[in-house]
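The first residue in the sequence is number 1, and the count goes up from there.
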Amino acid sequence: MKKLQLTGSARERGHLHGELMREEIHTVLDYYRSRFLTDRTMLQSHVDLLMQRLMAFKPEYRIEMDAIAEASGVEPFWIYCINGRSELMSSPAPTECSSIAFPQEGLLGQNWGWAQALEGQLALADIELESGHRLLTMTEPGMLAKIGMNSAGLGVCLNILPANQKLTGLPVHFLLRALLECQSLEEARALIKSHGAGKASHVMVADQKTTIAVELAPDQPWFQSTEQPVYLHTNHYLQSGQAQPTSTRHCTENRLKKLREAIQQTAKLDLNAMQQLLNDNEQPYPILRPYSYHELTGNGGTLVTLLMDLRERQMLLREGFDPMAGFDSFTFD
């Protein structure tokens with residue numbers, strides 16, 4: 001996975017991102033253009049609405065995206081589309097990701113499943129803001145952030161959830177970037193309360209002692225109980241009243257059931273146990289998923305497994321769905 005060192009102002013960071021990921025940005029845009037609405041007028045209308053949310057939130061993110069576009073040689077509109085793609089591609093059939101937290105141990109982990117078209121195109125961005133705050137995020141070309149951890153000791157994970165309506169809130173990937181800029185869980189919780197509606201995603205934010213888990217729905221954010229030693233989530237709403245019939249519900253419910261049963265056989269809650277849970281590739285409901293056809297993405301499967309030890313400020317990354325493959329380790333120097 002390519003590593004990006006991004007420092008300086010928003011424009012400087014964006015320009016460097018666009019230069020270093022120019023080829024990858026063009027590659028993933030070829031894919032995303034095939035998945036977005038073909039009617040440019042309708043797509044533009046949706047993007048304009050999402051960007052209005054952004055400009056009222058953090059207009060400096062647009063400066064960074066415009067610089068990415070300029071350096072990579074693409075129209076800024078398409079960089080906005082990449083960053084809003086979860087809302088632009090919202091579907092009642094989300095892709096297959098599984099997330100795990102051991103809140104009392106300061107451990108987070110997940111498998112991230114998405115389109116095979118992004119295989120080999122991802123990056124680990126080491127971003128240093130002008131304040132000196134740093135974040136490590138596994139992300140897509142042209143995208144400001146996704147999942148990862150920061151120098152304040154916070155970690156962030158994501159699962160997409162089903163949506164049967166147009167999503168018009170602040171795009172979730174902008175929220176993830178802002179969460180990675182937070183200095184505390186209290187700041188993160190306030191941010192989610194203010195800007196969590198209008199999405200269909202599950203987000204976990206944790207420090208070394210506590211985990212916040214929230215289902216972001218079109219109407220409001222629904223905070224979940226994380227008082228237990230183990231917290232698990234897949235790709236359906238657990239919040240009462242939010243359940244939706246979807247073509248993938250049987251799969252996501254069975255994956256959650258598998259994880260709950262497996263954790264009962266786990267003697268010690270550590271990174272090794274978390275890795276073993278996420279390595280389960282047994283059919284018909286694998287947690288670690290090989291490529292197969294999916295109605296939302298086309299061919300898709302597990303692209304990345306991510307583990308975080310927030311006490312040690314350590315992040316482990318593995319690409320692909322081979323449970324025997326090793327992890328790359330990253331820490332803040």
Side-chain angles (χ1 to χ4, degrees), residues 1-37 40 43-44 46-48 50-51 53-55 57-90 95 112 114-129 135-148 156 158 160 167 170-181 199 201 296-298 300 303-304 317 319:
M1 185 179 297
K2 183 178 286 188
K3 184 157 182 203
L4 310 180
Q5 295 278 353
L6 306 178
T7 62
S9 66
R11 176 169 174 75
E12 289 167 336
R13 294 192 306 268
H15 203 273
L16 189 56
H17 182 154
E19 285 183 340
L20 294 173
M21 297 297 288
R22 182 186 181 96
E23 183 177 337
E24 290 87 352
I25 288 170
H26 283 264
T27 297
V28 300
L29 269 179
D30 286 343
Y31 165 74
Y32 279 128
R33 286 191 186 102
S34 74
R35 311 307 296 188
F36 292 142
L37 285 171
R40 172 66 185 255
L43 180 61
Q44 182 81 55
H46 196 173
V47 171
D48 287 347
L50 297 179
M51 289 301 293
R53 302 285 186 263
L54 175 66
M55 295 305 289
F57 176 60
K58 285 187 179 286
E60 63 268 26
Y61 287 0
R62 180 167 183 167
I63 295 172
E64 193 165 341
M65 288 189 293
D66 287 348
I68 292 172
E70 178 183 333
S72 61
V74 303
E75 183 184 351
F77 171 79
W78 293 114
I79 301 299
Y80 308 157
C81 285
I82 288 175
N83 282 272
R85 62 97 169 144
S86 292
E87 288 68 36
L88 298 175
M89 294 175 65
S90 62
T95 54
W112 176 58
W114 194 239
Q116 185 179 1
L118 273 74
E119 182 182 50
Q121 308 299 318
L122 305 171
L124 178 69
D126 183 345
I127 303 171
E128 182 173 354
L129 305 180
L135 47 135
L136 285 170
T137 176
M138 188 289 297
T139 192
E140 301 176 31
M143 188 176 279
L144 297 187
K146 186 183 288 293
I147 53 179
V156 177
L158 169 74
I160 296 300
L167 300 176
L170 178 76
V172 69
H173 285 96
F174 294 139
L175 179 62
L176 295 176
R177 167 62 180 265
L179 290 171
L180 285 167
E181 293 181 7
K199 288 172 271 299
S201 298
L296 177 61
T297 62
L303 290 176
V304 171
L317 280 178
E319 293 188 81

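- Here the CG atom belonging to L6 is positioned 13.0 Å from the NE2 atom belonging to H15, to the nearest 0.5 angstrom.
- Counted within 6.0 Å of CD on E75, heavy atoms from surrounding residues, nucleotides or ligands total more than 12; the atom is thus considered enclosed.
- Under the 4.0 Å criterion applied to side-chain N and carboxylate O atoms, R11 and E70 are assigned as salt-bridge partners.
- Below 30°, between 30° and 60°, or above 60°: for W114 and W112 the angle between ring planes is below 30°, a parallel geometry.
- Here the side chains of E140 and L118 are in contact, with some heavy-atom distance below 4.5 Å.
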E181/L135 under side-chain contact (heavy atoms from CB on, under 4.5 Å): CA gap, chis, key distance, verdict:
CA-CA 7 Å; E181 293 181 7; L135 47 135; 4.2 Å; yes

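- Q121 contributes no side-chain N or O that, together with a main-chain N or O of P141, makes up a donor-acceptor pair within less than 3.5 Å.
- Counting only distance, with no hydrogens or angles, the side chain of K199 and the backbone of L170 share a donor-acceptor pair below 3.5 Å.
- A heavy-atom distance below 4.5 Å is not found between the side chains of T7 and E12.
- Across all non-hydrogen atoms, the minimal contact from P76 to A69 is CA-CB, 3.6 Å.
- Side-chain atoms of Q5 and L16, non-hydrogen and from C-beta on, never get closer than 4.5 Å to each other.
- A salt bridge does not link E87 with R53: every distance from a Lys NZ or Arg NE/NH1/NH2 to an Asp or Glu carboxylate oxygen is 4.0 Å or more.
- Between V74 and I79, the closest side-chain pair of non-hydrogen atoms falls below 4.5 Å.
- The main-chain N or O of S72 is found under 3.5 Å from a side-chain atom of H26 such that the two form a donor-acceptor pair.
- Remark: the backbone N or O of E24 is not paired with any side-chain donor or acceptor of K2 at under 3.5 angstrom.
- Side-chain contact check for M65 versus L54: some heavy-atom pair is nearer than 4.5 Å.
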Please walk me through it: do N83 and L50 pass side-chain contact (heavy atoms from CB on, under 4.5 Å)?
CA-CA 10 Å; N83 282 272; L50 297 179; over 6 Å; no

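- Here the side chains of Q44 and D48 are in contact, with some heavy-atom distance below 4.5 Å.
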What's the verdict on side-chain contact (heavy atoms from CB on, under 4.5 Å) for R62 and D66, showing C-alpha distance, side-chain angles and the deciding distance?
CA-CA 6 Å; R62 180 167 183 167; D66 287 348; 3.7 Å; yes

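- Contact check for H173 versus I82: no side-chain heavy atoms found under the 4.5 Å cut-off.
- Summarising the geometry of I25 relative to G142, their closest heavy-atom pair is CG1-N, 3.7 Å, with the distance given to 0.1 Å.
- Remark: R177 is positioned above the aromatic ring of Y61, its terminal NZ or CZ atom under 6.0 angstrom from the ring centre and at most 45 degrees off the axis.
- Y31 and L296 get closest at one heavy-atom pair: OH-O, 4.5 Å.
- Of the possible donor and acceptor atoms, none in the side chain of S201 sits under 3.5 Å from a partner among the backbone N and O of I160.
- In this structure the side chain of V304 reaches within 4.5 angstrom of the side chain of M1, judged on heavy atoms.
- The two residues W78 and F36 make their nearest non-hydrogen contact at CZ3-CD1, 4.0 Å.
- Minimum interatomic distance between C81 and L43 (heavy atoms only, all atoms of both residues): SG-CD2, 4.2 Å.
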Stepwise side-chain contact (heavy atoms from CB on, under 4.5 Å) check, I68 with L144:
CA-CA 9 Å; I68 292 172; L144 297 187; 3.9 Å; yes

